[in-house]
Amino acid sequence: MPQTALLTLGRLPKALDIAEALSKAGWRVIVAEPFSWHLCRVSRYVSKSFKVTAPNTDQTKYLEELLHIVKREGVSLVVPVSEEAVHATLIAPDLPPDVRMYSVPQIQLQELHDKYRFNQLASSLGLTVPETYLLGTPEAHQLAQQQDYVLKPVFTCSGKGFSIHSRGTALPNSLDLPTMVVQQKLNGPLKSTFSIVEEGRVLGTVVYKAAVLSGTVAVAFERIDHESRVKAWVQHFAKETGYSGFLSFDMIEDEDGKPHAIECNPRATSGIHFVTRQSLADAILRPDLQQGLAFRPFTVMQQFFPCLTETQTALFRRDDFLKKSRTLFSAKDVNFSLKDPLPLWLMPFTSWEIMKRSFIEGQSFGEASTFDIAWFG
């Protein structure tokens with residue numbers, strides 16, 4: 001009888017990658033998801049889906065439901081997928097002793113998800129990060145007077161609450177806002193990373209950049225190879241923290257080409273799409289035997305429907321439209337497979353909750369897909 005793995009989210013393409021990888025490795029894959037219909041529900045690689053309470057609706061009920069599924073379904077492995085991870089890992093102390101949580105403890109996830117605490121941690125490890133201070137402090141005021149700066153909440157995702165300001169622009173009153181950081185604005189190229197780490201050892205890192213954006217979230221991405229400085233930064237951080245699991249960063253290079261991490265995403269990000277399914281399964285299930293990550297034979301990949309939408313909205317901006325059109329018609333879709341066609345073919349239906357919030361309420365796809373699961377402190 002196969003062992004059972006529980007994914008704590010099913011709406012995003014990266015969840016489908018993990019489900020396929022584990023299923024092909026011989027595991028029974030089940031999914032807990034607040035949406036009734038979602039991407040993974042129609043996949044041949046998912047045995048069963050369970051609708052659970054959204055953690056931002058009732059976190060206590062959400063955690064109780066996750067634990068009930070684990071015990072009733074005989075789960076051996078729990079894999080948090082995305083922004084819900086900071087909530088889902090709270091069940092770790094209550095899991096049966098033979099159940100593995102594929103994550104570091106929740107308290108460590110909180111620290112890394114916090115834009116200020118992560119910055120301070122990385123700086124203390126001797127790693128390059130932009131100057132970052134809490135809004136309302138004298139240091140933040142001085143930074144804003146001397147340099148262009150970025151303002152963002154310490155707990156946020158998908159660019160929510162993010163804004164860029166010119167040097168000398170007055171800072172808002174910190175009493176009127178959630179806890180925020182004032183961060184030095186760097187002007188070099190933005191690069192993102194996705195790594196799989198086991199007890200401080202980096203099994204492999206994907207470095208990529210956005211090809212098409214929806215708000216601040218990439219919906220098409222291009223892999224960048226030979227990024228030794230970026231990978232060295234990740235290796236240093238992982239070794240010093242002893243991290244295990246999915247680990248991702250957003251970085252900007254300075255004028256000397258040195259990478260500075262602007263934030264940490266302690267979860268899977270879009271870089272996971274470049275990893276072969278077998279390599280992904282091996283890294284999760286047999287990390288002690290893994291010497292590196294194998295990549296799929298594609299350097300540009302996309303989430304087709306969000307990329308189509310962004311291309312359509314650029315219709316009257318000729319250069320932008322042509323660039324996005326080239327990506328749309330040349331990039332490989334992240335999840336399409338002739339052996340598992342329904343997730344892509346039925347995406348307008350299974351992603352209706354996300355599309356509704358995006359089209360009707362004007363949210364980016366990133367915001368619309370995480371409003372009920374993201375950790376806001």
Side-chain angles (χ1 to χ4, degrees), residues 112-123 127-193 208-221 224 229-230 233 248-265 269 310 313-314 316-321 323-324 358 361-368 370 374 376-377:
L112 300 183
H113 184 53
D114 185 312
K115 305 297 184 286
Y116 179 72
R117 292 171 64 197
F118 159 69
N119 178 276
Q120 298 302 293
L121 172 62
S123 179
L127 290 164
T128 47
V129 289
E131 283 189 72
T132 304
Y133 305 106
L134 289 173
L135 179 64
T137 62
E139 295 84 357
H141 176 76
Q142 183 176 4
L143 173 64
Q145 293 303 307
Q146 297 176 346
Q147 301 183 56
D148 294 346
Y149 64 93
V150 171
L151 190 65
K152 56 187 174 182
V154 295
F155 291 121
T156 187
C157 65
S158 305
K160 186 175 183 180
F162 171 93
S163 57
I164 299 175
H165 303 269
S166 300
R167 178 182 62 185
T169 304
L171 290 169
N173 189 333
S174 60
L175 298 178
D176 298 331
L177 298 167
T179 306
M180 303 189 79
V181 294
V182 179
Q183 187 171 82
Q184 172 192 10
K185 182 181 180 295
L186 299 174
N187 297 312
L190 173 65
K191 299 175 181 178
S192 298
T193 72
Y208 63 101
K209 63 181 181 180
V212 176
L213 288 167
S214 174
T216 62
V217 176
V219 293
F221 4 83
I224 315 169
R229 281 183 158 186
V230 171
W233 197 108
S248 307
F249 298 97
D250 289 328
M251 299 189 181
I252 295 181
E253 293 180 353
D254 62 18
E255 59 274 9
D256 298 319
K258 185 179 295 185
H260 291 60
I262 57 174
E263 58 186 60
C264 176
N265 299 301
T269 53
E310 292 303 317
T313 59
F316 299 106
R317 302 189 301 273
R318 184 177 182 274
D319 291 345
D320 191 27
F321 177 73
K323 178 183 176 183
K324 290 178 177 177
S358 180
E361 300 183 25
Q363 296 181 358
S364 70
F365 276 92
E367 288 181 274
T370 58
F376 298 114

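Only a predicted model underlies this, so the values are computations on that prediction, with no experimental measurement involved.
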Within this structure, what is the [atom1]-[atom2] distance for the pair [X] and [Y], rounded to the nearest 0.5 Å?
| X | Y | atom1 | atom2 | result |
| --- | --- | --- | --- | --- |
| Leu186 | Ile262 | CG | CD1 | 8.0 Å |
| Glu310 | Lys324 | CD | NZ | 5.0 Å |
| Lys185 | Leu143 | NZ | CG | 12.5 Å |
| Ile252 | Thr128 | CD1 | OG1 | 12.0 Å |
| Met251 | Ser192 | CE | OG | 9.5 Å |
| Arg229 | Lys191 | CZ | NZ | 10.0 Å |

Residue pair Phe162, Thr156: steps toward the side-chain contact (heavy atoms from CB on, under 4.5 Å) verdict: CA-CA 9 Å; Phe162 171 93; Thr156 187; over 6 Å; no
Would you say that more than 12 heavy atoms from the other residues, nucleotides or ligands in this model lie under 6.0 Å from the [atom1] of [X], or not?
| X | atom1 | value |
| --- | --- | --- |
| Gln142 | CD | no |
| His141 | NE2 | no |
| Arg167 | CZ | no |

Can you list the steps and then say if Leu190 with Asp250 is a side-chain contact (heavy atoms from CB on, under 4.5 Å)? CA-CA 7 Å; Leu190 173 65; Asp250 289 328; 4.3 Å; yes
Report the residues that fulfil side-chain hydrogen bond (donor to acceptor under 3.5 Å, both in side chains) with His260, sequence neighbours left out, ordered by chain and then residue number. none
Write down the atom of [X], the atom of [Y], and the distance for their closest heavy-atom approach.
| X | Y | result |
| --- | --- | --- |
| Val129 | Ala122 | CG1-CB, 3.7 Å |
| Trp233 | Pro259 | CD1-O, 3.8 Å |
| Pro178 | Met180 | O-CG, 2.9 Å |
| Ala210 | Leu213 | CB-CD2, 3.6 Å |
| Asp256 | Asp254 | N-OD1, 2.9 Å |
| Pro172 | Leu151 | CG-CD2, 3.6 Å |

I want to check something: taking the side chain as every heavy atom from C-beta on, are [X] and [Y] in contact at a cut-off of under 4.5 Å?
| X | Y | value |
| --- | --- | --- |
| Phe249 | Asn265 | no |
| Tyr133 | Tyr149 | no |
| Leu121 | Leu112 | yes |

side-chain hydrogen bond (donor to acceptor under 3.5 Å, both in side chains) partner of Gln183, chosen from Glu263, Lys152, Gln147: Lys152
Derivation and outcome, side-chain contact (heavy atoms from CB on, under 4.5 Å), residues Gln120 and Tyr116: CA-CA 6 Å; Gln120 298 302 293; Tyr116 179 72; 3.6 Å; yes
Step by step, would you call Val154 with Leu134 a side-chain contact (heavy atoms from CB on, under 4.5 Å)? CA-CA 9 Å; Val154 295; Leu134 289 173; 4.1 Å; yes
Donor-acceptor pair, Thr137 side chain versus Ala140 backbone, under 3.5 Å? yes
Exam field: side chain Asn119 to backbone Pro130, donor-acceptor pair closer than 3.5 Å: yes
Run the side-chain contact (heavy atoms from CB on, under 4.5 Å) test against Ala374 and tell me which residues pass, sequence neighbours left out. Glu83, Cys157, Thr370, Phe376
In terms of relative ring orientation, are Phe221 and Tyr208 parallel, tilted or perpendicular, with 30° and 60° separating the classes? perpendicular
